[in-house]
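Reading through the C-alpha cells given below for one structure.
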Amino acid sequence: MTLALDQLTDDQREIVDLVRRFVDERIIPIASEYEHRDAFPDEIVEGLKELGIFGFTIPEEYGGLGLDLTTYALAVCELSRGWMSVSGIINTHFIAADMLMRDGTDEQRQRFLPRMATGELRCAFSMTEPECGSDVQAIRSTAVRDGDDYVVNGQKMWVTNGLRAGMVTTLVKTDPAATPAHRGMSCLLIEKEPGVDKQGGLTIPPQLQKLGYKGVETTELVFADHRVPARNLLGGEEGHGFRHMMSGIEVGRVNVAARGVGVAQRAFDIAIRYAQEREAFGRPIAKHQAIQFKLAEMGTKIEAARLLMLSAARKKDAGERSDVEAGMAKLFATEICNEVVEDALRIHGGYGYSKEYEIERLYRDAPLLLIGEGTSEIQKLIIARGLLQRNAL
Ligand SMILES: Cc1cc2nc3c(=O)[nH]c(=O)nc-3n(C[C@H](O)[C@H](O)[C@H](O)COP(=O)(O)OP(=O)(O)OC[C@H]3O[C@@H](n4cnc5c(N)ncnc54)[C@H](O)[C@@H]3O)c2cc1C
C-alpha cells in the first residue's frame, strides 16, 4: 500500500480491491496475447459490465453506481496496470456519460444513461479531424438543420471505439460563419449500429493501425449527408458544443493521469521483480547501485503522480474548479510514465526488447498518453493560463 492509497475511505478501498482482483485474474494473464493479435477483448468487456464499471459514475437513479471521480480514477489506475487499452474502452464512455449528466436535457438523460450504465450502450467521443487536433476551433464538419433532422457532412479522425460504439458525442459546426468559431459549434449525440461500417450517410473505414493501444479500435468517421434527429443535439440548444466537449475532456484528463499512474506502476512492479531475479557480475542487478537509483526514482515519481492525480480528482469531486490541477496531473503523470517505462525497459536489458516480455507492450502504449486529451505542450499552455489568472497583478 502506497502512502497515497492509505487515505482512501473503506468504500473506495473495497472497490479498488475488487477491480485489482479482476485485473490480476482476468486481464494480466491474457493482455499481451490479445494485444499482439490486436484482438478486441470481448470477455473482459463482459466482466467490466458485471462489475458495473460502465455505470461507475452514473447516478443510481439511472441504474449506475453513482461513484465519484476519485474512485473512478483509482479503478482506471488498476485497469491500466493490467492493460491500457481496457481503460480506453471505458474512457470515452465515461466522458460521454459525464457530458450527458452535466449538459444533457432530462429527456436525453432518460433515453441514454440507463443503457449506458449497464454497458448495453457504449459510447465514443469525437472532436479531432484529419487537419486538426489541438486546434479544436479549426474543425470543418458541419450539421445543417433540415426539418426534424440535422444533416451532417465532414470527416472525423482518431475516434477510439469508433466502430463498436452505439453512440458518438460528435463536435460539429452548426454555424460555420460564427466568430469566434467556438460560438458556432454544437455537440450531436450520433447514434449508430455498433460494429456496422456503413449506415445511412456514415462510413467507417478499416481501423487505423497503431504503434500500441491495440485491441481497442481507433477509426475515422466519414459523414456524407448523414441524418441525425434534432432531438440528439446535446442540451437542446446550438452553440454550446465547444464548452460541452472541453468540460468532458477536463475530467478525461484526470482519467489519462490515472492511466499514466497505472502503466507506470506495472512497469515498476515488473522491473523491481526482474532486478532481484537477474544476476550480473555475480549478484542480482538490484544490488548494483545504478539499478537501485533507477528504482528509487521510479517509485518516487509514481507516488508523486498518484498524489497529483488524487488531488485533482478530489478537487473536482468537491465541486471546485480543477482545470489547472487536472492539467498538472495529466502532464506530470504521463511524462513520468514514459520515463518510468523506459527505465523499466533498460532494467530488462536485451529481454526488454523481446515480445515475450510485458515491458515491450508498456513501452509502446505509454507515448499515447503524451498526446490524447491534449498534448503535453497544450497542458502547459492550460496550466500557465490558469496560473497567470490566479496570480494576476
Ligand atoms: C490512438 C489515438 C486515439 C485517439 N482517440 C481520440 C478520440 O477518441 N477522440 C478524439 O477526438 N481524438 C482522439 N485522438 C486525437 C488526439 O486527441 C489528438 O491526436 C491530439 O489532440 C493532438 O492533435 P493532433 O494529432 O492533430 O496534433 P497537432 O495538433 O497537429 O499537434 C502537433 C504538435 O504540435 C504541438 N502543438 C500544437 N499546437 C501547439 C501550440 N499552440 N503550442 C505549442 N505546441 C503546439 C502539439 O503539442 C504536437 O506536439 C486520438 C489520438 C490517438 C493517437
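Starting from 1, each residue takes its place in the sequence as its number. Order of appearance sets the numbers: ligands from 1, and atoms from 1 within every ligand.
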Starting from atom 6 (C) of ligand 1, which protein heavy atom do you reach first, and at what distance in Å? W158 O, 2.6 Å

Hey, is ligand 1 close enough to E377 that some N/O pair sits below 3.5 Å? yes

Protein residue, atom and distance nearest to atom 24 (P) of ligand 1, heavy-atom basis: G133 CA, 3.9 Å

When you look for heavy atoms under 4.0 Å from ligand 1, do you find them on the side chain of C132, its backbone, both, or neither? backbone

Using the six-membered ring of F40, assess whether NZ or CZ of R164 lies under 6.0 Å from its centre and within 45 degrees of the ring axis. yes

Can you label the angle between the H348 ring and the Y274 ring as parallel, tilted or perpendicular, going by 30° and 60°? parallel

Considering residues at least two apart in sequence or located in another chain, which fulfil the ring pair (Phe, Tyr, Trp, His ring centres under 6.0 Å) criterion with F293? none

Nearest heavy atom to atom 31 (O) of ligand 1, choosing from A138, S134, G88, G162, belongs to S134

Closest protein heavy atom (residue, atom, distance) for atom 53 (C) of ligand 1: L368 CD1, 3.6 Å

What atoms of ligand 1 come within less than 4.0 Å of a heavy atom belonging to T375? 22 (C), 46 (C), 47 (O)

Are Y72 and F94 close enough that their ring centres sit under 6.0 Å apart? yes

Can you tell me how far CD1 of I27 sits from CD1 of I44, rounded to the nearest 0.5 angstrom? 5.0 Å

Hey, are the side chains of I190 and T169 touching, using non-hydrogen atoms and a 4.5 Å cut-off? no

For F125, take its heavy atoms, then give the atoms of ligand 1 lying under 4.0 Å from any of them. 7 (C), 8 (O), 9 (N), 10 (C), 11 (O)

With nothing but distance in play, are any N or O atoms of T128 less than 3.5 Å from an N or O of ligand 1? yes

Which one holds for L381 and ligand 1: side chain close, backbone close, both close, or neither close, with close meaning a heavy atom under 4.0 Å? side chain

Considering residues at least two apart in sequence or located in another chain, which fulfil the side-chain contact (heavy atoms from CB on, under 4.5 Å) criterion with A224? N153

Within the 4.0 Å heavy-atom shell around S126, which atoms of ligand 1 are there? 11 (O)

Per-atom contacts, ligand 1 versus Y213 - under 4.0 Å to a heavy atom: 1 (C)

Ligand 1 and M157, any nitrogen or oxygen pair closer than 3.5 angstrom? no

